Number of protein chains: 2
Amino acid sequence: MTKKFGPRERILETATRLFHSQGYNNTGINQILAEANVAKASLYQHFGSKDELGIIYLKEGREEWFSGIEQWTGAKKAPAQKLSACFDFLEYALQKDDYLGCKFINILSEVGNNSPLMFKEIIEHKGKLRQYMKGFVEKALEGNADVDADFVGDSIYLLYEGAIVESKIYRDTWPVKKARKMAEMLLKKV
Amino acid sequence: MTKKFGPRERILETATRLFHSQGYNNTGINQILAEANVAKASLYQHFGSKDELGIIYLKEGREEWFSGIEQWTGAKKAPAQKLSACFDFLEYALQKDDYLGCKFINILSEVGNNSPLMFKEIIEHKGKLRQYMKGFVEKALEGNADVDADFVGDSIYLLYEGAIVESKIYRDTWPVKKARKMAEMLLKKV
DNA sequence: CCAATTATAGACAAGTTTGTCTATATTTTT
DNA sequence: AAAAATATAGACAAACTTGTCTATAATTGG
C-alpha cells in the first residue's frame, strides 16, 4: 500500500499550494522541496521534471474540482437547481482559496503554448466543465421547443467563466452572485 | 520633440509584443534589448526597472484598448448598437492578436499581488471597461422601469470577460459571437 | 535478518535572471 | 564649434533556475 503522507504526496500537496498561490513560474523546485521536507532526488524520482509535476498538478486539480462540484449538484434534484449549485460551489471554492482564481486559466497565462501537455489538460478540463453545465441546461429546458438550449447553455458557461476571472480581479463574490442570478433567469423566462 | 523611433519607443514596442505573446515572466530584459536593438543602459535610463516597464506596458495597453473601442462604438448611434460594437471590436482584436487573450488578465496570473502598481493598473482598466459598457446598457434600457439595468449591465460585462478568456482557451471566436448574441437578447426582451 | 528498494543531504553543472557600472561614441543644443 | 545630453557595447555581480550525480541513511519485503 502506498503511504498516505510519503514524499510524493507531500510534494504534490506543497506544489499545489504554491503553484496556485504564487504561480507556476514564480515557484522554484527548491522552494517546494524545502517546504515539503523532501530531497531533490525524490522529486525527480516520482516526477520526471517540473513540467510533469505541473501536468499532474492539473490532473489532480481537475479530479478535485469535479469531485467537489458533483457533491454540490448531487444534493439537488431538479436540473435547474443543479445548475445553481454549480455557482454555489464556485462561490464556496473561490472564497476558500482567497480569490486566487482558476488553476487552469492562471497557468495558461504562464505557460502559453510552451507546454502542449499542460494545454491539453486545460482544454480538456474546460471542455468537460462546459459539457457538464450544458447538460443541466438542456434538461432544464427540455420540452421548451422555442428556446435554443445550446445557445443558452454556452451563455451560462460564459457567465460562469467570467465570474471566475472577475472574482479574482475584484476580490469579491459579486460576479458569481450576479452570474448565478442571470443563469437562473435564463432558465425561467427567456 | 521626442523622436518617433528612438530607444524608448523601440523598447516599449518590443516589450509589448513579447510580454503579450510570451508572457511577462518568460520575457527577459536581454531579449527585449536584442530585438529592439537598444543598449541595456538605455532601458534603465528610460524605465527604472522591469516592473516599471510592465506598468507602462499596461498603461499604454489601456490607452490603445479604449482608443480602439471608441472608434468602433463611435461609428454607431443607438446605445444598443454601441454595445454590440464593443463585442465586434473584441472579436476583431482577439483575432488580430491570434487569440492571446487579455494583457491585463494574463499578467495578473503571472504577477499576482507581487506588483501592487500593476494590480492597480489592472483593476482600474477593468473597472473603467465595466462602467463603459454599463453606460450603454443603462441608456439602452432607459424608461424600461421593470428591468434592473445594473444587473443586466454587469451580466453583459461578465459575458464579455468570459468571452475573452474562453476565446483564448478554444482559440476560436464562438465565445464572442455567442456572448454578443446573448447581450443583444438581454437588451431586447428581458 | 538480510537484501532490495526508497529517501536524504547536498555538491555541482550550465544556464538563466535583473540590475550596475565603465568607457566610448553619437546626437543635440547652445 | 564647444559643451551637454543621450546612446552604445558589454563586462560583471549576485542571485536564481532546473536537473544530475554521489554517498549515506532509513525503510520495506521475503
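Numbered from 1 within each chain, the chains take letters A, B, ... in sequence-line order. Since the structure is predicted, the reported quantities are computational estimates derived from the model, not experimental observations.
- B:L43 places its CG atom 9 Å from the P atom of C:dG19, with the value rounded to the nearest Å.
- With values rounded to the nearest 0.5 angstrom, A:D88 atom CG is found 11.0 Å from A:T73 atom OG1.
- The shortest distance between the side-chain N/O atoms of A:H46 and the OP1/OP2 oxygens of C:dT6 is not below 4.0 Å.
- To the nearest angstrom, P of D:dT18 lies 15 Å from CD of A:E52.
- None of B:N37, B:I56, B:V38, B:I29 except one satisfies the side chain to side chain contact (heavy atoms under 4.5 Å, CB included) rule with B:I11; the exception is B:V38.
- At whole-Å resolution of the value, OH in A:Y44 and C1' in C:dT6 are 18 Å apart.
- The aromatic rings of B:F66 and B:H125 stand perpendicular to each other, their planes meeting at an angle above 60°, with 30° marking the opposite boundary.
- Among pairs with a residue in residues 6-29 of chain A, those fulfilling ring-ring contact (aromatic ring centres under 6.0 Å, His included) read A:F19-A:Y24, A:F19-A:Y57, at least two apart in sequence or across chains.
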At a cut-off of 3.5 Å, list every protein nitrogen or oxygen paired with a nitrogen or oxygen from nucleotides 8-15 of chain D, distance to 0.1 Å.
from, atom 1, to, atom 2, distance (Å)
D:dT8, OP1, B:R10, NH2, 3.2
D:dT8, OP2, B:A39, N, 3.4
D:dT8, OP2, B:S42, OG, 3.0

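- The CD-C1' distance, from A:E9 to C:dA7, rounds to 13 Å in whole Å.
- For the residue pair A:T27/A:Q22, the side-chain donor-acceptor check at 3.5 Å is satisfied.
- Contacts of residues 27-36 of chain A with DNA chain D (heavy atom under 4.0 Å): A:T27, A:G28, A:I29, A:N30.
- The closest side-chain donor-acceptor pair between B:S84 and B:E184 falls under 3.5 angstrom.
- When side chains are defined from C-beta on, A:K126 counts as touching A:E161, because their heavy atoms get closer than 4.5 Å.
- The distance between atom CD of A:Q45 and atom C1' of D:dT22, rounded to the nearest whole Å, is 15 Å.
- There is a side-chain donor-acceptor pair under 3.5 Å between B:E166 and A:Y157.
- Counting heavy atoms from C-beta outward, A:Y92 and A:V176 have side chains that stay 4.5 Å or more apart.
- Between B:N26 atom CG and D:dT17 atom P the separation is 14 Å, expressed in whole Å.
- When rounded to the nearest whole Å, the span between CZ of B:F47 and P of C:dT18 equals 15 Å.
- Between the NZ atom of A:K50 and the P atom of D:dT20 there is a distance of 15 Å, rounded to whole Å.
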